[in-house]
Amino acid sequence: KSMLFLGFLLAFLGLALPGTQGRIISRCEMVKILRRNGFQGFEGTTVADWMCLVKHESGYNTKAYNNNGPSRDYGIFQINSKYWCNDGRTAGATNGCHISCSKLQDDNIEDDIRCAKKIAREAHGLSPWYGWKNYCRGRNLSSYVKGC
């Protein structure tokens, strides 16, 4: 009986807490999304650059979250609350993308894409992302798009 109860409890919690893990977008699906949204050649970058960035920043997870002390990073592109989104908690935030940070953690990544492109446009590249600087810049990234 206790195992049956535990099973029901786990099923209930799974339904009651939707999306706590987030959607993990497959590698080739993410390649298609980036190509469809004009990332190839955008500000001198390639789809492979963006794929490497997304892999190392969020693991392709739309709900990714990282606490940086005074600020936080949100969503698949790990967009920072100090400069780009409003989480209602980050002191001195500027909200450059005019968006709530929570919108960057849902499964619709259209607004994430607009904001990521704005960041890259203003920076003339991907230097604002430490995941890209530390793991992608200057490396052969062809494996991120291979077979897609």
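- Remark: Gln78 pairs with Glu57, Ser58, Ala64, Asn66, Asp73 by the side chain to side chain contact (heavy atoms under 4.5 Å, CB included) rule, at least two apart or across chains.
- From Asn61, atom CG reaches atom CD1 of Ile76 across 7.5 Å, with rounding to the nearest 0.5 Å.
- For a disulfide, the SG atoms of both cysteines must be under 2.5 angstrom apart; this fails for Cys85 and Cys97.
- Under the salt bridge (charged side-chain N to carboxylate O under 4.0 Å, His left out) criterion, Asp106 pairs with Lys103, not counting sequence neighbours.
- With sequence neighbours excluded, no residue forms a side chain to side chain donor-acceptor pair (under 3.5 Å) with Asn95.
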What side-chain donor-acceptor pairs closer than 3.5 Å can you find for residues 108-122, not counting sequence neighbours?
unit_1: Asn108; atom_1: OD1; unit_2: Glu110; atom_2: N; d: 3.0
unit_1: Lys117; atom_1: NZ; unit_2: Asn37; atom_2: O; d: 2.6
unit_1: Lys118; atom_1: NZ; unit_2: Gly96; atom_2: O; d: 2.8

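- Remark: the backbone N or O of Lys63 is paired with a side-chain donor or acceptor of Gln105 at under 3.5 angstrom.
- Proximity of Ser81 to Cys101: side-chain heavy atoms (C-beta onward) are separated by under 4.5 Å at one or more points.
- Listed by first then second residue, pairs satisfying ring pair (Phe, Tyr, Trp, His ring centres under 6.0 Å) with a partner in residues 66-99 read Trp50-Phe77, Tyr65-Tyr74, not counting sequence neighbours.
- Within the 4.5 Å cutoff, no side-chain heavy atoms of Thr45 are placed close to those of Phe39.
- Arg27 pairs by the salt bridge (charged side-chain N to carboxylate O under 4.0 Å, His left out) definition with nothing, not counting sequence neighbours.
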If you look only at distance, which donor and acceptor atoms sit under 3.5 Å apart when one is on a side chain in residues 137-145 and the other is two or more places apart or in another chain?
unit_1: Arg139; atom_1: NH1; unit_2: Asn134; atom_2: O; d: 3.1
unit_1: Arg139; atom_1: NH1; unit_2: Tyr135; atom_2: O; d: 2.9
unit_1: Asn140; atom_1: OD1; unit_2: Ser142; atom_2: N; d: 3.0
unit_1: Asn140; atom_1: OD1; unit_2: Ser142; atom_2: OG; d: 2.9
unit_1: Tyr144; atom_1: OH; unit_2: His56; atom_2: NE2; d: 3.0

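- Residues Ser100 and Asn86 have side chains not in contact (no heavy-atom distance under 4.5 Å, counting atoms from C-beta outward).
- Once rounded to the nearest 0.5 Å, the distance linking OH of Tyr60 with CD1 of Ile24 reads 11.0 Å.
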For side-chain contact (heavy atoms from CB on, under 4.5 Å), just list the numbers for Leu34 and Gln40, CA-CA rounded to whole Å, side-chain angles, deciding distance to a tenth of an Å, and then say yes or no. CA-CA 8 Å; Leu34 294 171; Gln40 183 62 39; over 6 Å; no
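- Listed by chain and residue number, nothing satisfies the side chain to side chain donor-acceptor pair (under 3.5 Å) test with Ser127 (two or more places apart in sequence, or in another chain).
- At least one side-chain heavy atom of Ile25 sits less than 4.5 Å from a side-chain heavy atom of Arg23.
- Contacts classified as salt bridge (Lys or Arg N to Asp or Glu O under 4.0 Å) and involving residues 80-92 (residues at least two apart or in different chains) are given here: Arg72-Asp87.
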For Asn68 and Asn80, run side-chain contact (heavy atoms from CB on, under 4.5 Å): C-alpha distance rounded to whole Å, both residues' side-chain angles, the deciding distance at 0.1 Å, then the answer. CA-CA 9 Å; Asn68 297 324; Asn80 188 269; 3.4 Å; yes
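- Within 6.0 Å of atom NZ in Lys133, more than 12 heavy atoms from other residues, nucleotides or ligands are found, so the atom counts as buried in its surroundings.
- Considering only residues two or more places apart in sequence or on other chains, Ser26 meets the side chain to side chain donor-acceptor pair (under 3.5 Å) condition with none of them.
- In this structure, the side chains of Leu126 and Glu43 stay at 4.5 Å or more apart for every pair of heavy atoms.
- Closest of all the heavy-atom pairs between Thr90 and Pro70 is CG2-O, 3.5 Å.
- Counting only residues at least two apart or on different chains, the disulfide (SG to SG under 2.5 Å) pairs with a member in residues 42-71 are Cys52-Cys136.
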